[in-house]
Structures are given as structure tokens and as C-alpha cells.
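Reviewing the structure listed below.
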Number of protein chains: 2
Amino acid sequence: MELTKSNHLDDAVCPVARTADIISGKWTLLIIRDLAAGVKRFNQLERSLNGISPKTLSERLRSLEEEGIITRRTFAEVPPRVEYSLTEKGLDLVYVIESMRSYGKRWLCNQ
Amino acid sequence: MELTKSNHLDDAVCPVARTADIISGKWTLLIIRDLAAGVKRFNQLERSLNGISPKTLSERLRSLEEEGIITRRTFAEVPPRVEYSLTEKGLDLVYVIESMRSYGKRWLCNQ
DNA sequence: CCGAATCCTTTGGGATACTG
DNA sequence: CAGTATCCCAAAGGATTCGG
């Protein structure tokens with residue numbers, strides 16, 4: 001297990017820092033966690049992410065889409081239906097999430 | 001690869017959310033990344049984490065110590081010397097960091 | 001149902017100067 | 001050297017309302 005030495009030149013392209021930038025933000029990781037369980041609609045996420053405001057959810061979804069991590073699919077129906085799912089790039093984040101889950105179980109959830 | 005279903009009851013103890021709480025914050029992960037390479041002094045970190053303010057570094061180190069992730073060791077010398085290192089609980093976070101490094105390399109650093 | 005628009009509060013973090 | 005003390009600001013996020 002070897003870590004790169006850090007300095008400000010490295011940091012600009014440090015994979016750890018780049019990933020941290022993407023998954024930072026209060027709800028981002030939890031959205032990906034939920035989408036990893038399958039396709040979800042806006043208000044499904046709104047309910048499962050208890051306490052999130054529509055504005056924040058909307059912003060997060062938009063930027064995740066722009067980063068190529070989720071896909072937004074709209075259906076021309078009434079009432080309107082929009083489904084969100086993970087792209088390949090998003091699915092790969094599940095490994096990060098699972099490492100966090102392992103850590104959390106071992107050290108933070110006393111079990 | 002199976003994810004737990006999320007609702008607000010789960011979230012209170014969700015290992016992913018708990019871990020996210022700990023490693024959120026602009027510099028936290030980078031501090032741990034640097035300490036994973038070995039024991040470091042305050043101004044070594046200040047230099048390797050290019051751009052961090054002493055106030056922020058001080059705050060992060062304190063809360064990481066309170067969470068049991070790093071150890072602070074002082075030496076009664078002149079000039080004063082203080083060394084920071086990872087605890088077992090902190091070292092285990094390296095697995096999370098490495099998963100982020102893999103992801104970053106694959107998707108964010110075009111290599 | 002799916003958001004956009006507004007307004008507002010909080011806070012993380014930077015800059016700087018100073019001290020044991 | 002290893003911080004603390006202030007002051008300040010941008011940005012994130014919450015609450016609420018409204019529209020397609």
C-alpha cells in the first residue's frame with residue numbers, strides 16, 4: 001500500500017483529490033448509493049434521502065449528470081416521468097462506497 | 001455487491017453516511033493521505049498541503065484527533081516539536097483512499 | 001410529478017497578525 | 001515551531017413558493 005508524495009503540483013492531478021472533489025458535497029454519495037440499488041425517480045430520491053430539499057437534489061443530479069456519472073431519462077407522459085440511473089462511470093464509484101461501508105461498519109457503527 | 005435500502009432511519013446509522021461525515025471537509029482526506037506516508041510535523045503538513053491555512057490545518061488535526069484517527073505527540077524541546085501519525089483507525093482509512101485513487105486514475109486522470 | 005425561482009441562513013475556510 | 005485569534009467572504013444548502 002503505497003501513497004504518492006504530495007505537493008501542490010501533484011495535487012492538481014492527484015487522483016485522490018480529484019475523486020474527493022466529485023464526491024464531496026453533503027448528499028452526493030448518498031444519491032449514488034441509492035441509485036446503485038437501481039433506477040429511481042426524482043421523488044423516490046427525495047423520499048429516500050430524507051431531509052434533502054428539492055433545490056439541492058436538483059442541483060446534485062444536474063452536476064452528476066454533467067460529470068457523466070448519472071443518466072437522466074425523460075418520458076413524454078402525463079404526469080411527467082423522469083428516471084435517473086448510474087452510468088458505467090457512476091457504477092464504478094460503488095467500489096468506493098463499499099470501502100466506505102466496510103470502514104463505517106468496522107469503526108463507526110460498533111458492529 | 002449489495003447496497004442497503006436507504007430511508008431516514010437507516011441513514012442515522014448508515015456506515016456510508018457516517019464515513020462520509022468523517023472524511024468530508026476540503027483537506028481531511030489529503031491530511032490522512034499524507035500521514036499514511038509516515039509521521040509528520042505541523043509545518044511539514046502545512047507545506048505538503050499547499051495552500052492550507054494554519055487555522056484550517058489546526059482545526060482538522062484537532063477533530064481528527066478527537067475522532068481517534070490521528071495521534072498527537074508532543075516533545076518537551078526547544079523549539080517545540082509535535083508529531084502527528086495515524087492510529088489503527090486512521091490507517092484503515094487508507095483502503096478508502098486507495099479505492100478513490102483507483103477510481104480517479106481510471107476516470108478522472110485520463111490514464 | 002418534476003423541478004425552477006427566490007430568499008435567506010449557516011459555515012467552511014482564507015488572510016493575516018500575533019503568542020508561548 | 002506550533003499553533004491561536006480575528007475578521008471576512010463565498011458558497012452550500014434549507015424553506016418556501018410557483019410553473020410546465
Side-chain angles (χ1 to χ4, degrees), chain A residues 6 8 11-12 14 17 19-35 38-67 69-85, chain B residues 6 8 11-12 17 19-35 38-67 69-86:
Chain A
S6 64
H8 101 283
D11 279 356
C14 171
T19 305
D21 279 346
I22 288 211
I23 65 181
S24 67
K26 190 172 176 183
W27 297 100
T28 311
L29 237 4
L30 302 181
I31 292 174
I32 296 167
R33 179 200 59 184
D34 288 355
L35 288 182
V39 176
K40 293 243 180 323
R41 301 174 61 166
F42 189 89
N43 75 346
Q44 284 185 294
L45 289 169
E46 206 171 3
R47 271 179 280 114
S48 67
L49 300 165
N50 200 277
I52 196 173
S53 70
K55 174 197 168 190
T56 302
L57 179 55
S58 179
E59 283 174 357
R60 288 284 162 275
L61 289 172
R62 186 192 321 283
S63 55
L64 286 173
E65 190 191 3
E66 283 169 2
E67 285 158 343
I69 288 174
I70 68 175
T71 300
R72 181 180 187 270
R73 185 176 178 200
T74 58
F75 296 82
E77 301 178 355
V78 178
R81 176 159 60 115
V82 180
E83 291 182 347
Y84 296 92
S85 56
Chain B
S6 65
H8 102 282
D11 279 356
T19 305
D21 279 347
I22 287 211
I23 65 181
S24 67
K26 189 171 176 184
W27 298 100
T28 311
L29 240 0
L30 302 181
I31 292 175
I32 296 167
R33 179 200 59 183
D34 289 354
L35 288 183
V39 175
K40 294 244 179 323
R41 300 174 62 165
F42 189 89
N43 76 345
Q44 284 185 294
L45 289 170
E46 207 171 4
R47 271 179 278 115
S48 66
L49 300 165
N50 200 277
I52 196 173
S53 69
K55 174 197 167 190
T56 302
L57 179 55
S58 179
E59 283 174 356
R60 288 283 164 278
L61 289 172
R62 186 191 316 284
S63 55
L64 286 173
E65 190 192 4
E66 282 169 2
E67 285 157 343
I69 287 174
I70 67 176
T71 300
R72 181 180 186 271
R73 185 176 178 199
T74 58
F75 296 82
E77 302 177 355
V78 178
R81 176 158 60 114
V82 181
E83 291 182 346
Y84 295 92
S85 56
L86 293 181

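Below, read A as the first sequence line, B as the second, and so on, with proteins coming before strands; counting in each chain starts at 1.
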d([atom1], [X]; [atom2], [N]) in whole Å:
{"X": "B:Ile52", "N": "C:dG14", "atom1": "CD1", "atom2": "P", "value": "7 Å"}
{"X": "A:Glu59", "N": "C:dG3", "atom1": "CD", "atom2": "P", "value": "13 Å"}
{"X": "A:Leu61", "N": "C:dC1", "atom1": "CG", "atom2": "C1'", "value": "14 Å"}
{"X": "B:Leu64", "N": "D:dG3", "atom1": "CG", "atom2": "P", "value": "13 Å"}
{"X": "B:Asn50", "N": "C:dA15", "atom1": "CG", "atom2": "P", "value": "11 Å"}
{"X": "A:Leu30", "N": "D:dA12", "atom1": "CG", "atom2": "P", "value": "17 Å"}
{"X": "A:Leu49", "N": "D:dG14", "atom1": "CG", "atom2": "C1'", "value": "15 Å"}
{"X": "A:Glu77", "N": "C:dC2", "atom1": "CD", "atom2": "P", "value": "10 Å"}

Closest-nucleotide ordering on DNA chain D, the 5'-leading residue of A:Pro80 and A:Lys26 = A:Lys26
If you compare every side-chain N and O of [X] against the phosphate oxygens of [N] (OP1, OP2), does one of them come in below 4.0 Å?
{"X": "B:Arg72", "N": "D:dA2", "answer": "no"}
{"X": "B:Tyr84", "N": "D:dC1", "answer": "no"}
{"X": "A:Ser58", "N": "C:dG3", "answer": "no"}
{"X": "A:Arg41", "N": "C:dC1", "answer": "no"}
{"X": "A:Thr56", "N": "D:dG14", "answer": "yes"}
{"X": "B:Arg62", "N": "D:dT4", "answer": "yes"}

Under 3.5 Å, side chain of A:Ser63 to main-chain N/O of A:Glu59, donor-acceptor pair present?
->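 Indeed, once roles are kept as given, a pair shorter than 3.5 Å links the two residues.
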Give a yes or no answer on whether the side chain of A:Glu46 reaches the backbone of A:Asn43 with a donor-acceptor pair at less than 3.5 Å.
->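 Side chain of A:Glu46 to backbone of A:Asn43, a donor-acceptor pair under 3.5 Å: no, none is there.
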With the side chain of [X] defined as its heavy atoms from C-beta on, choose the nearest nucleotide among [options].
{"X": "B:Ser53", "options": "D:dA2, C:dC2, C:dA15", "value": "C:dA15"}
{"X": "B:Trp27", "options": "C:dG14, D:dA2, C:dA17", "value": "C:dG14"}
{"X": "A:Pro79", "options": "D:dA2, D:dA15, C:dC1", "value": "C:dC1"}

May I have the step-by-step check of side chain to side chain contact (heavy atoms under 4.5 Å, CB included) for A:Phe42 and A:Leu61, ending in yes or no?
-> CA-CA 9 Å; A:Phe42 189 89; A:Leu61 289 172; 3.8 Å; yes
Closest heavy-atom pair and its distance - B:Thr28, B:Ile23 | CB-O, 4.0 Å
Using a 4.0 Å heavy-atom cut-off across all strands, classify A:Phe75 as base, sugar-phosphate, or nothing.
->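 Here A:Phe75 touches no strand at all.
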hbond_proxy B:Lys55 side chain to C:dG14 base (donor-acceptor, 3.5 Å cutoff) | yes
Could you tell me which residues satisfy side-chain contact (heavy atoms from CB on, under 4.5 Å) with B:Glu77, sequence neighbours excluded, listed by chain and number?
-> B:Phe75, B:Arg81
